[in-house]
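I have placed the structure first, in the form of structure tokens, so that the comments after it can refer back to it.
Chain naming here is simple, since letters A, B, ... match the order of the sequence lines and numbering starts at 1 in each. Not measured: the values here are computed from a predicted model.
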Amino acid sequence: MPTPEEQLAILKRGAAQIISEQDLLAKLKLGRPLNVKLGVDPTAPDIHLGFTVGLTKLRQFQDLGHQAILIIGDFTAMIGDPSGRSKTRKQLTHDDVMRNATTFKEQAFKILDPAKTRVVFNGEWFEMMTFDQVMKLNSRVTMQQMLQREDFKKRIDEKEPVFLHEIQYPIMQGWDSVMIKADIELGGTDQLFNCLVGRDLQREEGQPQQVVFLLPLLEGLDGVNKMSKSLGNYVGLAETPEIMFGKLMSITDTLMARYYDLLLCESVPADLHPMEAKKQLAARIVARYHGEEAGKRGRDDFESRFSKKDLSTVELPALPLAGLAPDIVSIVSAAYSVCFQIAKSRGDARRLVEQGSIQLDGEKVSDPKATPAFAAGQVLKLDKTRSVRLA
RNA sequence: GGGUAGAUACCGAAGUGGCCAAACGGGGCGGACUGUAAAUCCGCUGGCUUACGCCUUCAUUGGUUCGAAUCCAAUUCUGCCCA
């Protein structure tokens, strides 16, 4: 096992903020496995790479011999973390949450070592709490402390409501730390406040205070905003190897360095051409969620599609020609809706044709009036990333 | 409750009777160039149409007018000021 100093050096990589580094080192010097907490709220059934940054760090702790504790916030998810929110979250039912929790666990164990992970649901303790216990807990935090939060302050300034249940959230998250005697809590930078409440409550309970270990929020594919479903700049863990690979290849070199840091905990290999480095990154991430084989497949698919521009061997969605008008605009528009569930107006489709995006078996078709002799087996290229095979 | 300013397409924002499907910027999309990278350049960005053009759209409803995003009235919502 590496020395505490060595461990610190390994762990520090990619961290946004550690409160505090000295405390962390001191804890590492205790020479026992530390309780490392990561709380996740199963609010959505599908998760993306942004969510895996914390898990990756947790895995690192695990590999160094520490105890990973994954808290599934079945109770807290129903409230909804107000962090960084300009609006109240919609409340979920316990059933919704438990359904999501199953997927979460499944995905989490693609990164964590299941044998060395303790999974707990915070409903375990919150469900049992009586009202006077809740009041007691509440009496330890002041309104003023809660209102210091930037997101609440902003909402009050902007005359957006802040509901009382929302200010319970940090208290609950903090209480989780007490219940599991956390030595370290991992979280995104937006979790700072919540994690600090955990320290306060631990002190009140006479426990040693946890180290707060914050990770940056992963930028999305656009390289600017944080990865989020609503911005459409995400890579979903459930996406196919080909899509995942392709999405990862579209990032900039700067962003690639970030992804190496945060998703692989490594530096970009300096001796490789940036494109090769990116292909390796993509293949490894795909492999993590879909297996080694899929990583290779993603790469092969990508290379024949884009490097060799050879679509003949690539698997493509099929577009049945039967019943379609024989002009190119109709076919293109149908291809989008049938094969990709994308609504393209005829105007849009015509624009693509006129602007030279459409290719039939490698030949550009730029006349919207064209009625080529379509035949089954031909490849119709729609845009940079989408093609279909006629059937 | 009183006053006042406003509500325009994905977002920001011009337009204040016809030349408005609506400037400009951002975003998005396509092309060229590439490493499906970045940067750069060009083009597109309500619907239908080969096109002339037609249709729907500037908060909602009704009105004035040959003609309304633009004028009037009512309604809804929002900002600011006063109480």
| Donor on one side chain, acceptor on other, A:Arg13 and A:Ser267, under 3.5 Å | yes
Taking only N/O atoms, report every protein-nucleotides 39-42 of chain B pair under 3.5 Å with atom names and distance.
none

Under 3.5 Å between N/O atoms: give me all the protein pairs with nucleotides 20-22 of chain B, atom names plus distance.
none

Give every pair of a protein N or O atom and an N or O atom of nucleotides 25-29 of chain B that lie under 3.5 Å apart, one pair per line with the distance.
none

Enumerate all atom pairs, one protein N or O and one N or O from nucleotides 9-13 of chain B, separated by less than 3.5 Å.
none

| note | Residue pairs passing the ring pair (Phe, Tyr, Trp, His ring centres under 6.0 Å) test with at least one member in residues 270-304 of chain A, sequence neighbours excluded, are A:Phe245-A:Phe302, A:Phe302-A:Phe306
| field | RNA chain B-proximal residues of residues 277-289 of chain A, any heavy atom under 4.0 Å | value | A:Lys278
| Closest nucleotide among B:rA38, B:rU36, B:rC48 to the A:Thr252 side chain | B:rA38
| field | Partner residues of A:Ser304 under the side chain to side chain donor-acceptor pair (under 3.5 Å) criterion, sequence neighbours left out | value | none
| message | Can you list, in residue-number order, the parts of residues 364-371 of chain A that come under 4.0 Å of RNA chain B, counting heavy atoms only? | response | A:Lys364, A:Lys369
| remark: The side chain to side chain donor-acceptor pair (under 3.5 Å) partners of A:Glu363 (sequence neighbours excluded) come to none
| note | Residues at least two apart in sequence or cross-chain that pass salt bridge (Lys or Arg N to Asp or Glu O under 4.0 Å) with A:Glu21, listed by chain then number, are A:Lys12
| query | Sequence neighbours excluded, which residues qualify as ring pair (Phe, Tyr, Trp, His ring centres under 6.0 Å) partners of A:Tyr336? | reply | none
| message | Below 4.0 angstrom, which residues in residues 253-263 of chain A have at least one non-hydrogen atom near RNA chain B? | response | A:Asp253
